[in-house]
Amino acid sequence: MSELTISLNAARALHLAAQGMLQPRRARATKADVLAAIRRMGVLQIDTISVVARSPYLVLWSRLGDYDPTWLEQLLAEGRLFEYWAHEACFIPAEDYGLYRHRMLDPDSMGWKSGASWMKGHAEQVERVLEHIRTNGPTRAADFERTDGKSGGWWEWKPEKRSLEALFTAGKVMVARRQNFHRVYDLAERVLPGWDDSQAPALQEVRRAFVLRAVKALGLAKANWIPDYHRTRPPHLAPQALADEGLLLRARVEGWKEPVFVHPEHAALLAQAVDGRLNPTVSTLLSPFDPIVWDRRRALELFGFDYRLECYTPAEKRQYGYFTLPVLRRGQLIGRIDAKAHRAAGVFELKSLVFEPGVRVGERLLRDLAAAVTRCARWHGCPTVALTRTDPEGVATALRALFATPEQAAA
């Protein structure tokens, strides 16, 4: 196929199609759909913040609509998924284990995540934790009583927790399942029986695979977008080299100097994008850790959306809120919502809704937005939506009326 040129809107549509976010689902999701969605993305990032549904559940909901979140844990416990460091900590299809094995065998390359210095400096303690698992079976960090007098928290893990994490990064233990979202660790050979390191592909093959998989998951990609998707480390394989081999297609986006690369499996989608036949109709809320927005540079270049998660920013310095959810509407990122699910009270609170500059806020847009928020609230078990403020302020009254409409609540 010769080098084709597409519009920016078509580029967005191609990206959303590759992510499974072009058109709303018509069929109710099944457990198999959860696994298929993760395979399409390649990785599903994990985060524990739960002011709304934890990120991996929300990412899946954006793609699948209502589904049973316990399916994710079931797939992990069944060995269909495993956990490891990919973009960050992620759920990954089990068949991709070999692609990550090189990271486990070289934990020093993992930076602060590695725990290599901890394992070297606390070898006896690490061995005791490993022996405990070997003897007692699947183990949580909570199974070890804290004895160092510290209170815990993000940066004060007890020694056993640090040992577990170091063993996890080194591939000695794996996450066998989750219990109330807490990791339960077991020996790698018991979680993944039959694995032998001779099965691991060569490192150069791994580098090629990560480039191809990132481009496929993204739909289209500039060269400098690719390493972020799986957080690969130099030396990076140039996508042009793969294009020269016929393993990737090159295309152009109007107004961009650099070419973009497209996986051959998306050739039909690319042709539809050229002809303007990819029409995004999904309107939904996104997790801050959704692949569509997790790369700030890519979100800015592709959607004109400058997004930064502010949960780690002091409250007085936040511009938009603690855990703002980007709003995707028919191929555009139109705003962000600072939301909180009060599950016991059945209230989905929109602390603030801020539209992007230049967004024309008409009746159809508000109806799309209200429907997306209502669906998300209902999935959280919250029949009531409470809106505190909007920017611009003038749309608040119209939105509150839509949230209060019985037809809307049943949408």
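Residues take their numbers from the sequence shown, with the count starting at 1.
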What pair of heavy atoms forms the shortest contact from [X] to [Y], and how long is it?
X    : Y    : value
L278 : L269 : CD1-O, 3.5 Å
V262 : G219 : CG1-O, 3.6 Å
R12  : G331 : CD-O, 3.6 Å
R343 : A53  : NH2-N, 3.3 Å
W61  : Y67  : N-CE2, 3.5 Å
L248 : H263 : CD2-CA, 4.0 Å

Does the side chain of [X] reach to within under 4.5 Å of the side chain of [Y], using non-hydrogen atoms?
X    : Y    : result
L302 : W256 : yes
R207 : T232 : no
L44  : M41  : yes
I6   : L270 : yes
T169 : W118 : no
W85  : H230 : no
E310 : K317 : no
F305 : L300 : no

Got a second to check how far [X]'s [atom1] is from [Y]'s [atom2], nearest 0.5 Å?
X    : Y    : atom1 : atom2 : answer
R140 : E160 : CZ    : CD    : 13.5 Å
C90  : L81  : SG    : CG    : 11.5 Å
L4   : L249 : CG    : CG    : 8.5 Å
F144 : H132 : CZ    : NE2   : 4.0 Å
L16  : N279 : CG    : CG    : 12.0 Å
D143 : N136 : CG    : CG    : 8.5 Å

Donor-acceptor check, side chain of [X] to backbone of [Y], threshold 3.5 angstrom: yes or no?
X    : Y    : answer
N180 : H182 : no
K158 : A141 : yes
D275 : R277 : no
H102 : P201 : yes
R252 : V260 : no
S352 : L350 : no
R400 : T388 : yes
T324 : Y320 : no
D228 : R231 : no

Within a reach of under 6.0 Å around [atom1] of [X], are more than 12 heavy atoms found that belong to other residues, nucleotides or ligands?
X    : atom1 : result
K31  : NZ    : yes
R308 : CZ    : no
Q204 : CD    : yes
E245 : CD    : yes

For salt bridge (Lys or Arg N to Asp or Glu O under 4.0 Å), just list the numbers for D47 and R54, CA-CA rounded to whole Å, side-chain angles, deciding distance to a tenth of an Å, and then say yes or no. CA-CA 6 Å; D47 190 80; R54 289 187 175 95; over 6 Å; no
Just do the salt bridge (Lys or Arg N to Asp or Glu O under 4.0 Å) check on R375 and D66 with the steps written out, would you? CA-CA 8 Å; R375 288 193 301 270; D66 293 356; over 6 Å; no
Answer yes if the side chains of [X] and [Y] hold a donor-acceptor pair under 3.5 Å, and no otherwise.
X    : Y    : result
R40  : Q19  : no
E254 : S7   : no
Y185 : E165 : yes

Could you tell me whether [X] and [Y] make a salt bridge, using a distance below 4.0 angstrom between a side-chain N and a carboxylate O?
X    : Y    : value
R39  : D96  : no
E356 : R336 : yes
R296 : D306 : yes
E258 : K222 : yes
R250 : E3   : yes
E78  : R177 : no

Derivation and outcome, side-chain contact (heavy atoms from CB on, under 4.5 Å), residues C382 and V347: CA-CA 5 Å; C382 297; V347 175; 5.6 Å; no
Is the distance between the ring centroids of [X] and [Y] less than 6.0 Å?
X    : Y    : answer
W294 : Y229 : yes
F289 : H87  : no
Y312 : Y322 : no

Should F261 and V211 be marked as a side-chain contact (heavy atoms from CB on, under 4.5 Å) after you check the CA-CA gap, both sets of side-chain angles, and the distance that decides it? CA-CA 10 Å; F261 297 90; V211 173; over 6 Å; no
One pair to check against side-chain hydrogen bond (donor to acceptor under 3.5 Å, both in side chains): R162 and Q125. What are the steps and the verdict? CA-CA 10 Å; R162 295 192 64 175; Q125 207 270 346; over 6 Å; no
Quick check on side-chain contact (heavy atoms from CB on, under 4.5 Å): which of V59, L325, L58, L328 does D290 satisfy it with?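 Option passing the side-chain contact (heavy atoms from CB on, under 4.5 Å) with D290: V59.
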Walk me through it: do F168 and E83 pass the test side-chain contact (heavy atoms from CB on, under 4.5 Å)? CA-CA 9 Å; F168 166 77; E83 291 189 32; 4.3 Å; yes
Give the C-alpha distance, both sets of side-chain angles, the deciding distance and a yes or no for side-chain contact (heavy atoms from CB on, under 4.5 Å) between L187 and L130. CA-CA 8 Å; L187 301 179; L130 199 57; 3.8 Å; yes
Apply salt bridge (Lys or Arg N to Asp or Glu O under 4.0 Å) to the pair E363 and R367, showing each step before the final yes or no. CA-CA 6 Å; E363 180 180 353; R367 289 190 176 278; 3.3 Å; yes
Tell me whether the rings of F82 and Y100 are parallel (<30°), tilted (30 to 60°) or perpendicular (>60°).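 F82 and Y100: perpendicular rings.
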Parallel, tilted or perpendicular, as decided by the 30° and 60° cut-offs, for the rings of H380 and F348: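 Ring orientation, 0 to 90° scale: tilted.
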Using the salt bridge (Lys or Arg N to Asp or Glu O under 4.0 Å) rule, pick out the option among R63, R28, R25 that qualifies with D33.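 Filter result, single survivor: R25.
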